[in-house]
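Counting begins at 1 with the first residue of the sequence. Just so you know, these numbers come straight off a predicted model, no measurement behind them.
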Amino acid sequence: MKKLLFFAAGIISVLFCGCGHTPVRENLPAATPPYTADAETVAARSAGFKNIIAPAEIRGIGLFPASFAGRYANEDILDVVEALGFNRIYCQLTSEQELDDTLTAFLTAASQRNIPVEIVLSQQDFYHRYRGNRLIRNLFIQYPDLAEAVSDVVEYNLELPENIRIAGVTVILTPHLFNGDNTERIRGSLYRWDEKRYGTGCDNDMLMRQSLEYLRQISEIPFLPPLTVAIADFYHEKAQSGELSCGKISDFARYASRVIVISSANLPSRVPENSRQELADAGNGAKVIIAVPLATHTALDSGSLRRRNWQDFQRAIDFLIKRAAPHPAFQGIVISPLAVVEYLRQER
């Protein structure tokens with residue numbers, strides 16, 4: 001039961017979708033609706049949504065590089081971003097190899113429209129693996145850990161012309177995913193915990209401490225752009241209840257300019273409630289952004305927001321912003337993935 005309380009919402013820890021150190025994922029949209037709305041309806045939806053999110057200072061949209069590596073031109077993606085009123089793009093990389101010319105071209109196109117782009121890296125995609133002794137380990141590809149991956153981003157960014165450099169780096173901390181039941185975490189990896197070792201001072205708590213240490217190391221990387229940390233919406237609650245020795249929102253805000261709280265709610269009424277305590281306890285000067293992952297299905301046990309249609313989605317975001325706006329710490333939202341938003345916008 002303890003494990004379910006802290007770890008069952010694994011899917012919400014990723015801002016956008018997917019898991020593991022895998023090839024890039026397409027995200028605009030994977031499929032078009034079988035019946036599309038007319039152009040007038042689509043335009044009206046864009047205008048209405050733009051007004052709804054306007055009160056938020058940061059209006060972010062999440063996507064993967066494959067969105068602009070395939071059939072969609074940079075201009076197509078940026079047209080959608082602008083039409084919907086988003087003013088910041090959160091581009092999630094799943095491999096350091098995605099720091100390439102394709103990404104540079106997208107950054108160039110976005111800069112021409114004055115749309116800042118942040119690079120997003122998830123802890124679950126970058127972790128050290130141990131395979132046998134040193135001789136055997138040298139025979140395998142060793143992926144960089146999170147801090148090393150951020151260093152690669154910084155190095156890439158410094159080589160770009162100043163006018164197209166990234167606006168910031170967002171790291172998603174995911175210690176709750178590194179559990180013994182997760183088959184993707186091979187035995188011998190740096191991160192792994194056992195349900196029998198749950199509680200303050202035990203495996204899960206040690207992983208949270210290590211994650212905060214990684215965040216501290218990252219915050220001290222020279223020439224690092226503004227740093228944002230993204231966390232699951234139940235870390236603060238578990239730290240407050242004594243199940244963790246650290247993990248309150250103030251612990252993360254110490255090292256980052258912004259904290260993104262990733263909603264695990266699947267019902268519109270629960271989205272503002274799940275981040276209410278973090279907004280209230282953030283402290284003076286803290287800046288909090290709420291991330292809303294959108295479900296691609298209607299499952300009740302998913303850590304993503306379910307929605308029936310565009311109207312349902314729009315009401316949910318309107319409700320969230322109106323409830324969050326009175327909190328001084330509230331700075332904005334991130335919605336992801338772009339694929340689902342665009343599917344709903346086009347659907348009849």
I260/V229 under side chain to side chain contact (heavy atoms under 4.5 Å, CB included): CA gap, chis, key distance, verdict: CA-CA 6 Å; I260 294 177; V229 59; over 6 Å; no
Minimum side-chain heavy-atom gap P337-L294 below 4.5 Å: yes
If you define the side chain from C-beta out and look only at heavy atoms, does anything of I77 sit under 4.5 Å from V80? no
Does one hydrophobic cluster hold both V42 and W310, with members joined at side-chain heavy-atom distances below 4.5 Å? no
Considering all heavy atoms of both residues, which atom of I289 and which atom of Y90 are nearest to each other, and what is their separation? CD1-OH, 3.8 Å
Decide if atom CG of D101 counts as having more than 12 heavy atoms of other residues, nucleotides or ligands within a radius under 6.0 Å. no
With no hydrogens and no angle check, is any side-chain donor or acceptor of R165 less than 3.5 Å from a backbone partner on P225? no
Provide the closest heavy-atom pair for K50 versus G85 in the form atom of the first, atom of the second, distance. CG-CA, 3.5 Å
Do side-chain atoms of S263 reach the backbone of V292 as a donor and acceptor pair under 3.5 angstrom? no
For the pair R270 (side chain) and A265 (backbone), establish whether a donor and an acceptor sit closer than 3.5 Å, ignoring hydrogens and angles. no
Keeping D100 on the side-chain end and L103 on the backbone end, is there a donor-acceptor pair under 3.5 Å? yes
Any link between F319 and I335 through a network of hydrophobic side chains (Ile, Leu, Val, Met, Phe, Trp, Tyr) touching at under 4.5 Å? no
Look at the rings of F234 and H176 and say which category their plane angle falls in: under 30° parallel, 30 to 60° tilted, over 60° perpendicular. perpendicular
Checking side chain to side chain donor-acceptor pair (under 3.5 Å) against E213, which of R209, R216, Q210 comes through? R216
For D145 and Q123, run side chain to side chain contact (heavy atoms under 4.5 Å, CB included): C-alpha distance rounded to whole Å, both residues' side-chain angles, the deciding distance at 0.1 Å, then the answer. CA-CA 8 Å; D145 67 15; Q123 188 179 15; over 6 Å; no
Donor-acceptor under 3.5 Å (E82 side chain, D79 main chain): no
For R45 and L344 the tightest heavy-atom approach is NH1-O, 3.2 Å
Any luck finding a side-chain donor-acceptor pair between E347 and T36 under 3.5 Å? no
Check whether any side-chain heavy atom of N87 sits under 4.5 Å from a side-chain heavy atom of I115, and report yes or no. no
Can you find a side-chain donor-acceptor pair between D281 and Q240 that sits under 3.5 Å? yes
In this structure, SG of C91 is separated from CG of L107 (nearest 0.5 Å) by 7.5 Å
L121 and E96, any side-chain heavy atoms less than 4.5 Å apart: no
Quick check on the hydrophobic clustering: are L146 and I221 connected, directly or via other members, by side-chain heavy-atom contacts under 4.5 Å? yes
When you look at S122 and Q92, which way does the side-chain hydrogen bond (donor to acceptor under 3.5 Å, both in side chains) test go after all the steps? CA-CA 8 Å; S122 176; Q92 183 168 355; 4.6 Å; no
Which heavy atom of G247 sits nearest to which heavy atom of D251, and what is that distance? N-OD2, 2.8 Å
Below 4.5 Å, heavy atoms only, C-beta onward: do S257 and K287 meet side chain to side chain? no
CG-OG distance between L84 and S46, expressed to the nearest 0.5 angstrom: 5.0 Å
Set of ring-ring contact (aromatic ring centres under 6.0 Å, His included) partners for F330, sequence neighbours left out: none
Looking at A239 and C246, what are the two nearest heavy atoms and their distance? CB-O, 3.7 Å
Check for me whether the distance between the ring centres of H236 and F252 falls short of 6.0 Å. no
Does any N or O in the side chain of R59 come within less than 3.5 Å of the main-chain N or O of A56, such that one atom is a donor and the other an acceptor? yes
Would you say that Y235 contacts V261 through its side chain, given a criterion of any heavy-atom pair below 4.5 Å between the two side chains? no
Looking at every heavy atom in both I262 and A230, which two are closest together, and how far apart are they? CD1-CB, 3.9 Å
Suppose we call two aromatic rings close when their centres sit under 6.0 Å apart. Are Y214 and Y255 close by that rule? no
Do the side chains of L93 and L99 get nearer than 4.5 Å, heavy atoms only? yes
If we ignore hydrogens and angles and just use 3.5 Å, is the side chain of D318 paired with the main-chain N or O of Q314 as donor and acceptor? no
E220 atom CD, over 12 foreign heavy atoms within 6.0 Å: yes
Under 3.5 Å, is there a donor-acceptor pair between the side chain of Q124 and the main chain of T174? no
T170 versus E118, side-chain donor and acceptor atoms under 3.5 Å: yes
Does one side chain, of D233 or S275, offer a donor that lies under 3.5 Å from an acceptor on the other? no
Go through Q277 and E237 one step at a time and tell me if the side chain to side chain contact (heavy atoms under 4.5 Å, CB included) criterion holds. CA-CA 8 Å; Q277 202 60 50; E237 171 191 330; over 6 Å; no
Any non-hydrogen side-chain atom of T228 less than 4.5 Å from a side-chain atom of V169? no
Residues F223, N157; criterion side chain to side chain contact (heavy atoms under 4.5 Å, CB included); working and verdict: CA-CA 9 Å; F223 306 108; N157 192 47; over 6 Å; no
Any chance you could lay out the side-chain hydrogen bond (donor to acceptor under 3.5 Å, both in side chains) test for E98 and T94, step after step, and finish with the verdict? CA-CA 8 Å; E98 295 167 11; T94 57; 2.9 Å; yes
Does any N or O in the side chain of T41 come within less than 3.5 Å of the main-chain N or O of A37, such that one atom is a donor and the other an acceptor? no
